[in-house]
Colleague: 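Okay, handing you the structure first.
Along the sequence shown, residues are numbered consecutively beginning with 1. Atoms within a ligand are numbered from 1 in the order they appear, just like the ligands themselves. The analysis underlying the following values was restricted to heavy atoms, covering all of them including side chains, and did not include hydrogens, waters or symmetry mates.
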Amino acid sequence: MLKKARIAVFVSGGGTNLQALIDAQKSGVIKSGEIALVVSNNADAYALTRAQNAGIKTAVVSKKELGGQDCFEKGLVDELEKNNIDFIILAGFMCILSENFTKRYPKRIINVHPSLIPSFCGKGFYGLHVHEAALEYGVKVTGATVHFVNEIPDGGEIILQKAVEIKEGDTPETLQKRVMEEAEWNLLPRAAELVSAEIVK
Ligand code: GAR
């Protein structure tokens, strides 16, 4: 039996969701898993600094440098295997993974998405664009979703969801902040613990 699931967190940018995971590990919300590796496709991601500050090993795997999706995914798999990773968390990872990759890790990859799936999700819906689309449509409630990752972008089984109110005068930026504070930073660590506990069971 595994003692703790070894987690890799994939990031691309600021890494506030990564920070929520690191904090949750410290506070004991995540107790069945440990963050063993942070992988970024972007060498300049501030998320890498957050990982280093927490003493977590980091790796950069760049699609541009490796020259395409197949080599990129091979680079990711190499890092995962080198580090004996059991479970992958996409936390603001802005690359789409092909079926070739996702089928290697059934129910072992989760993602946080900043809307109530199936609204405002799929190809092209990432980061601020999701909140722009929600405001443009005029929905009064949005939220966040944590789901398993399969070959369909944002199409895997839903693990946790939380609704967040849209307020008069919201901009994509104010809405993004509220969705992170009220939903993402709470849901992602909880889902990480649920899946880790299942893995080490
Ligand atoms: C978060 O809002 C996350 O849900 C979103 O990007 C932001 C990353 O912020 N992810 C997606 O849109 C994926 N489709 P962070 O780097 O501060 O965690």
Colleague: Quick one about Thr102 and Asn150 (side-chain donor to acceptor, distance below 3.5 Å, no hydrogens or angles considered), yes or no?
Modeller: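 No donor-acceptor contact under 3.5 Å links the two side chains.
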Colleague: Please report the shortest heavy-atom distance between Leu128 and Gln176, naming the atom on each side.
Modeller: CD2-OE1, 3.7 Å
Colleague: NE2 of His131 to CD1 of Ile166: how many Å apart, nearest 0.5 Å?
Modeller: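 Spacing of NE2 (His131) from CD1 (Ile166) equals 9.5 Å.
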Colleague: Val146 and Ala191: which non-hydrogen atoms are nearest, and at how many Å?
Modeller: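 That would be CG1-CB, 3.5 Å.
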Colleague: If hydrophobic clusters are built by linking Ile, Leu, Val, Met, Phe, Trp and Tyr wherever their side-chain heavy atoms come under 4.5 Å apart, do Leu21 and Leu194 end up in the same one?
Modeller: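 Yes; Leu194 is reachable from Leu21 via cluster members.
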Colleague: Are side-chain N/O atoms of Asn186 and Lys162 paired as donor and acceptor at under 3.5 Å?
Modeller: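 No donor-acceptor contact under 3.5 Å links the two side chains.
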Colleague: Name the residues in contact with ligand 1, where contact means a heavy atom under 4.0 Å away: which are they?
Modeller: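 Ligand 1 is contacted, at a heavy-atom distance under 4.0 Å, by Gly14, Gly15, Thr16, Asn17, Gly92, Met94, Val112, His113, Pro114, Phe125, Tyr126, Gly127, Met180, Glu184.
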